[in-house]
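Before any comments, here is the structure.
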Amino acid sequence: MHEAPATPGTERRAGRLSDRLTLSAKRVLWAWLFLAVPVVFYGAIRFWPTAEAFWISFTDWNLLRPAQFVGLDNYRRLLADPLFWKVFANTFLYLILGTPVSLVLSFAIAYHLDRVRFLHGFLRALYFLPFLTTAVAMAWVWRYFFQPVPIGPINNLLASLGLPAQPFLRSTLQALPTILVPAVWAGMGFQIIIFLAGLRAIPTSYYEAARIDGLSERAILWRITLPLLKPTLVFLVVFASIGFLRIFDYVYNMNTNDPGGPLDSTKPLVIMIYQTAFKSYDVGYASAQTVVLFLILLAISLLQLRLMRQPT
Amino acid sequence: MATIALEKLVKRYGPATIVQGIDLSVAEGEFVVLVGPSGCGKSTTLRMIAGLEDASEGVIRIDGRVVNQVEPKGRNIAMVFQNYAIYPHVTVAENIGFGLYTSKLPKAEKQARIQEVARSLGLEALLDRRPAQLSGGQRQRVAIGRAMVRNPSAFLFDEPLSNLDAQLRGQMRIEIKRLHQKLGATSVFVTHDQVEAMTMADRIVVMREGRILQIGAPMELYERPVDVFTARFIGSPTMNLLPGALASRDGADGVALEDGDAFVRPPIALVGNRAGGGGPKVLLGVRPHDLLLKAAPDSAAFTLSGTVAVVETLGTETLVHVDIGRRSVVGLAPGRIVPSPGQRVTLAADPAALHLFDAATERAFPRPLLQQP
């Protein structure tokens, strides 16, 4: 025999595709096979409409007549629209009030809950409960709380204490913070759980070493606990910020007669978008607003990640 | 420097008693090692000294002062933890500086102290690094540095070498020992590793199930263990134990082993007048390093013959596992002699090197012959 003897088995198997691929190539192939489903789904449901929105924002489409390219007209109109600037300010008010308040409260609760052994599981479940409840139901319950005398319990309480009744949702000044109350409260359950997990991940010997070195509780909190919680904080700040920038359901449901009222004092960007698109059918203009919201979210997220991800 | 004294110290967690009333006094400048298997209460004892745990009963004194109700920071002790407990978010210098947190020294002086400690631990070049950029040994040195910087009256070490690899552990052992010799600080060191205990301690405290079994200098524990547990715990490889009974043969007192018909005459005082007719059951102990492979042992020697089962070559010496009856014993052959499995060999020991334990109580018979002067 002149030829190298090939075993019959290997010769036959060489024909099949699966045997011609290397082991790692096969692994990659399988991975993509499984990934294909969500990738195609996401592409069709999420990314394509998102890209479409960018295009629509340059048109005057109103659902009825075919879209016509109008260049930057929608954006020019937006910048000249006093309502947009009002809404822009409101949206940032939600963000700069809601994020710190909710995080400080959640951290304070998680920090103390972490030390409580008695009824720990029950208390944790109690704080988590709002997170499981629908926003609409909560918004309506809180809306009832804030009603005037004799319906709203809070005003009833104020009255029984001899304090002046407050207009809450009917005041252009008080309505926005009032809406923030249930929004903050609803998000806290999630934040507390994440904070608790972060606190648990800090080795107890860090605290013991600090006690031996004579650090006070305060110093331990500021110099050890909080710096070590930074990754948790980054996550929650970004997460909460995005949530407050996109606030919709609490605003809408706490004032269904005039969402965003009174006098647009509580109107966030998302409600403006909703009303422009589905009340005025000015889809091109609404898309331009969406693009602006998207850019704001992107900028804020990137900024926060950058600020807080300094070397640890 | 300080003395530490524990009096009838007890620690309970609910119904479980972890430390069952121990007494211990550590002299000024002494290096005491608490050693025992996990769960023996050694770490709990250390944590009570540190003030991280409350004592359920008993008294803890540091320099004669009762400190049961004193906060950890008020005890002027420093502790080195198993996982180092150095903070990942600050530099080496800041980590060491944490040790000076409460001191009222001016800033410049604090810096000088940190520099000085870093120099003595060889950490100067690393002061601006973060712990993530350090090796395990370097991190451990930072932890020791933080403990040293304050000039504490005592050092407490809680298994500080357990997370290091074998080579580094050996190195750090020597470094800690050297540091102790230099600083002369009272130290209490907890470990489950008898090698660490033997190599580092001035005195070893062997603990088991919340009680102290024996306290003594390393060689004292090695030569005169008070019971089977200590005898087996101290020394590596562990002591061979052969069951037998006290008996008289040809008018001489000795031990008749269960396996084979070997009759041993340990030093007479070892048996004393306990050898009676019925013969209480005993355990005859012999350390592998006393049980040597011999072609022609002298007639006075204690000998065991059997077949080689397994051979462990260590280079400087060879451990020979020999099957004798139903039992296996470990003996020693000089480095270059490597018997092959299946070979029939004789192991011999000087009778003076034998240990004898009561099989029922596991307590040792006294060994007067080896009593230290």
Side-chain angles (χ1 to χ4, degrees), chain A residues 103-104 106-107 110-112 114-122 194-238 304-312, chain B residues 14 43 46-53 70-91 94-104 128-133 139 142-150 152-160 162-163:
Chain A
L103 287 178
V104 167
S106 308
F107 178 74
Y111 183 73
H112 290 100
D114 189 39
R115 294 155 178 232
V116 173
R117 291 284 149 269
F118 180 68
L119 291 181
H120 177 86
F122 174 72
I194 301 292
F195 269 132
L196 273 175
L199 286 169
R200 289 285 161 88
I202 300 174
T204 48
S205 61
Y206 286 179
Y207 296 124
E208 290 174 344
R211 277 176 68 197
I212 287 177
D213 287 340
L215 273 73
S216 61
E217 286 286 314
R218 221 184 136 86
I220 290 174
L221 174 66
W222 284 101
R223 308 197 55 164
I224 296 165
T225 312
L226 284 175
L228 289 174
L229 271 183
K230 204 166 161 184
T232 310
L233 269 170
V234 173
F235 169 73
L236 285 178
V237 166
V238 171
Q304 283 171 343
L305 283 176
R306 221 202 153 87
L307 282 180
M308 302 199 71
R309 268 221 194 119
Q310 255 138 34
T312 40
Chain B
S43 276
L46 192 78
R47 293 167 60 82
M48 284 193 282
I49 298 173
L52 296 173
E53 305 273 355
V70 178
E71 280 288 308
K73 63 177 168 188
R75 300 188 183 195
N76 194 23
I77 39 92
M79 188 155 166
V80 179
F81 293 83
Q82 180 174 354
N83 64 357
Y84 323 130
I86 54 175
Y87 306 119
H89 60 284
V90 296
T91 62
E94 288 170 88
N95 261 296
I96 295 175
F98 265 107
L100 290 172
Y101 191 79
T102 47
S103 81
K104 292 177 182 68
D128 294 325
R129 299 233 189 132
R130 296 198 184 244
Q133 297 163 288
R139 285 180 210 183
V142 175
I144 293 170
R146 182 174 65 190
M148 274 169 63
V149 73
R150 176 149 47 105
S153 49
F155 284 96
L156 307 177
F157 296 90
D158 190 6
E159 306 222 16
S162 300
N163 286 5

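Labels below follow one simple rule: chain letters A, B, ... track the order of the sequence lines, proteins then strands, and each chain is numbered from 1. Only a predicted model underlies this, so the values are computations on that prediction, with no experimental measurement involved.
For B:F81, the part lying under 4.5 angstrom from a heavy atom of chain A is the side chain only. Proximity to chain A is absent for every atom of B:L100, based on heavy atoms less than 4.5 angstrom apart. Contact annotation for B:R150: only side-chain heavy atoms (C-beta onward) come within less than 4.5 Å of a heavy atom of chain A. Using a 4.5 Å cut-off between heavy atoms, B:A78 touches chain A through its backbone atoms (N, CA, C, O) alone.
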ask   = Do A:L226 and B:H89 pass the side chain to side chain contact (heavy atoms under 4.5 Å, CB included) test, and can you show the C-alpha distance, the side-chain angles, and the key distance before you say yes or no?
value = CA-CA 10 Å; A:L226 284 175; B:H89 60 284; over 6 Å; no

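Considering CD1 of A:I212 and CZ of B:R146, their distance stands at 8.5 Å, rounded to 0.5 Å. Interatomic distance, B:N95 CG to A:D213 CG, rounded to the nearest 0.5 Å: 9.5 Å. Atoms CZ and CE, from A:R211 and B:M79 in turn, are 10.5 Å apart once rounded to the nearest 0.5 Å.
When all heavy atoms of A:A219 and B:Y101 are compared, the closest pair comes out as CB-OH, 3.1 Å. Considering all non-hydrogen atoms of both residues, A:A209 and B:A85 come closest at CB-CB, 3.9 Å.
Annotation: side-chain hydrogen bond (donor to acceptor under 3.5 Å, both in side chains) contacts of B:E53 (sequence neighbours excluded): B:Y13, B:R47.
Although no hydrogens or angles enter the test, the distance criterion places no donor-acceptor pair under 3.5 Å between the side chain of A:Y206 and the main chain of B:Y87.
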